[in-house]
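Just below is one structure, and these are the notes that go with it.
Quick caveat, the model's predicted, so the values are computed rather than measured. Reminder, nothing fancy here: chain letters follow the sequence lines and each chain counts from 1.
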Protein chains: 2
Amino acid sequence: MDIENLVKRKNLKLTTARMEILEKLLHASRPLCYDELKNGISMDKATFYRNITKFEDKMIVNSFESNDKKRYFELNQPLHAHFICVICDKIECIKEPLDFNLKGYSIENIILKGKCKKCNQI
Amino acid sequence: MDIENLVKRKNLKLTTARMEILEKLLHASRPLCYDELKNGISMDKATFYRNITKFEDKMIVNSFESNDKKRYFELNQPLHAHFICVICDKIECIKEPLDFNLKGYSIENIILKGKCKKCNQI
DNA sequence: AACTTTAATGCAACTTAGTCGCATTAAATA
DNA sequence: TATTTAATGCGACTAAGTTGCATTAAAGTT
């Protein structure tokens, strides 16, 4: 994926701050929370949140709240569910396609909470 | 539903604060956020949150974050999904049973985000 | 390459959600 | 009624997220 084009296609200016955020998300194997994402990127938090908001508006990034009450961010990808374990707080991306027959709605984000495979056995 | 028994069955003391929170949730037709739920109940916010945490631990209440970044609370009910519209921020309880074949997981909470029927037409 | 426009940034101050320790009070039980 | 233990209120705190404003940097234009 080409971050430079991704940003420009949405009529956003290509700044180092934005590059850094998106690079980090691109190379992450799972959604990242504020600390994880912001860490190492020297940028004011106001700028960070303004950029995140822009990214979300432009559908480049999406976010959701996890069990630890933190927001987690990821690059927008083909629709897939996130499973959040209420015991161990782990976030998993679910690859199996889930079938909702909700006519008229368009679904952009799916969050399932419960007990993951491991914690369910205990 | 009998709130008094609900609380006592979980080995929680029956206080007026708790009664008030649960009464309000019981009579609400949709999940409520902090302002809505706390409003009119004279109770310190520390107490409020401590009770909410207890209720969640004991599976009396569950909560999720909506699009406005606020947490919404509701009495625990038979599993059903919540649809949150990213345009109009409305929260709907979805009655249609949704079928997941996620073996090994136990699902306690389903949140779908996207465009609701109305906003999808625009 | 300098110039202009407009968007992005940093800073500081602020709001709101949520938490924690501690002394006090009220609920359940004996 | 006395005792135990959990629940409460208060105050102080942390962390997320927002806003206004002056400054700076990107992109487009001569």
Side-chain angles (χ1 to χ4, degrees), chain A residues 2-25 31-58 60-74 86 89 91, chain B residues 2-25 31-58 60-74 86 89 91:
Chain A
D2 183 351
I3 286 176
E4 204 168 319
N5 285 327
L6 185 63
V7 171
K8 294 205 168 175
R9 250 186 292 138
K10 304 285 184 172
N11 293 315
L12 295 177
K13 286 186 183 175
L14 188 69
T15 66
T16 43
R18 288 176 177 169
M19 287 291 279
E20 285 184 285
I21 293 176
L22 294 176
E23 279 292 348
K24 208 155 179 180
L25 286 176
L32 301 175
C33 67
Y34 174 80
D35 311 307
E36 295 170 322
L37 183 50
K38 175 78 172 54
N39 187 292
I41 301 183
S42 80
M43 177 194 332
D44 192 75
K45 69 176 169 164
T47 305
F48 175 85
Y49 282 111
R50 276 187 285 232
N51 278 327
I52 285 290
T53 305
K54 274 262 157 72
F55 291 158
E56 292 202 272
D57 290 348
K58 302 278 187 177
I60 296 173
V61 163
N62 75 70
S63 74
F64 56 90
E65 187 193 55
S66 184
N67 213 40
D68 55 11
K69 301 194 182 72
K70 290 182 184 169
R71 248 169 99 204
Y72 282 76
F73 307 96
E74 71 170 358
V86 296
D89 279 1
I91 300 173
Chain B
D2 184 351
I3 287 175
E4 204 169 320
N5 284 326
L6 184 65
V7 172
K8 293 202 168 175
R9 250 187 292 139
K10 304 286 183 169
N11 294 317
L12 295 177
K13 286 187 182 173
L14 188 68
T15 66
T16 43
R18 287 176 178 171
M19 287 290 277
E20 286 184 286
I21 293 176
L22 294 176
E23 279 291 346
K24 207 154 178 180
L25 286 176
L32 301 176
C33 67
Y34 173 80
D35 311 306
E36 296 170 323
L37 184 50
K38 176 78 172 52
N39 187 292
I41 301 182
S42 80
M43 178 194 331
D44 192 75
K45 70 175 172 168
T47 306
F48 175 85
Y49 282 111
R50 276 187 285 232
N51 278 327
I52 286 290
T53 305
K54 274 261 158 73
F55 291 156
E56 293 202 273
D57 289 349
K58 301 281 187 176
I60 296 173
V61 164
N62 76 69
S63 74
F64 56 90
E65 187 192 57
S66 184
N67 214 39
D68 55 10
K69 300 192 183 73
K70 291 182 183 169
R71 246 169 100 206
Y72 282 76
F73 307 96
E74 69 168 0
V86 296
D89 278 1
I91 301 172

Could you tell me how far apart [X] ([atom1]) and [N] ([atom2]) are, to the nearest whole angstrom?
{"X": "B:Arg9", "N": "C:dA28", "atom1": "CZ", "atom2": "C1'", "value": "18 Å"}
{"X": "A:Met19", "N": "D:dA25", "atom1": "CE", "atom2": "P", "value": "17 Å"}
{"X": "B:Lys13", "N": "C:dT25", "atom1": "NZ", "atom2": "P", "value": "15 Å"}
{"X": "A:Leu14", "N": "D:dG28", "atom1": "CG", "atom2": "P", "value": "11 Å"}
{"X": "B:Lys10", "N": "C:dA28", "atom1": "NZ", "atom2": "C1'", "value": "20 Å"}
{"X": "A:Phe55", "N": "C:dA8", "atom1": "CZ", "atom2": "C1'", "value": "11 Å"}
{"X": "A:Met43", "N": "C:dG10", "atom1": "CE", "atom2": "C1'", "value": "12 Å"}
{"X": "A:Lys8", "N": "C:dA8", "atom1": "NZ", "atom2": "P", "value": "13 Å"}

Open item on the list: Between A:Arg71 and A:Glu56, does any side-chain N to carboxylate O distance fall below 4.0 Å?
Closed with: yes

Quick check on [N]: is either OP1 or OP2 less than 4.0 Å from any side-chain nitrogen or oxygen of [X]?
{"X": "A:Lys54", "N": "C:dA8", "result": "yes"}
{"X": "B:Asn11", "N": "C:dA28", "result": "no"}
{"X": "B:Thr15", "N": "D:dA6", "result": "no"}

Is there a donor-acceptor pair under 3.5 Å between the side chain of [X] and the backbone N or O of [Y]?
{"X": "B:Lys38", "Y": "B:Met43", "result": "yes"}
{"X": "A:Asn67", "Y": "A:Val86", "result": "yes"}
{"X": "B:Arg18", "Y": "B:Lys13", "result": "yes"}

Open item on the list: Base contacts versus sugar-phosphate-only contacts with protein, heavy atoms under 4.0 Å: please encode nucleotides 15-20 of chain C as B, S and - from 5' to 3'.
Closed with: --BBBB

- [ ] Could you grab the distance from atom CZ of B:Phe55 to atom NZ of B:Lys10, nearest 0.5 Å is fine?
- [x] 11.5 Å

Task: Listed partners of A:Asp57 passing side chain to side chain contact (heavy atoms under 4.5 Å, CB included), at least two apart - done: A:Thr53

Task: Sequence-distant partners of B:Lys69, salt bridge (charged side-chain N to carboxylate O under 4.0 Å, His left out), two or more places apart - done: none

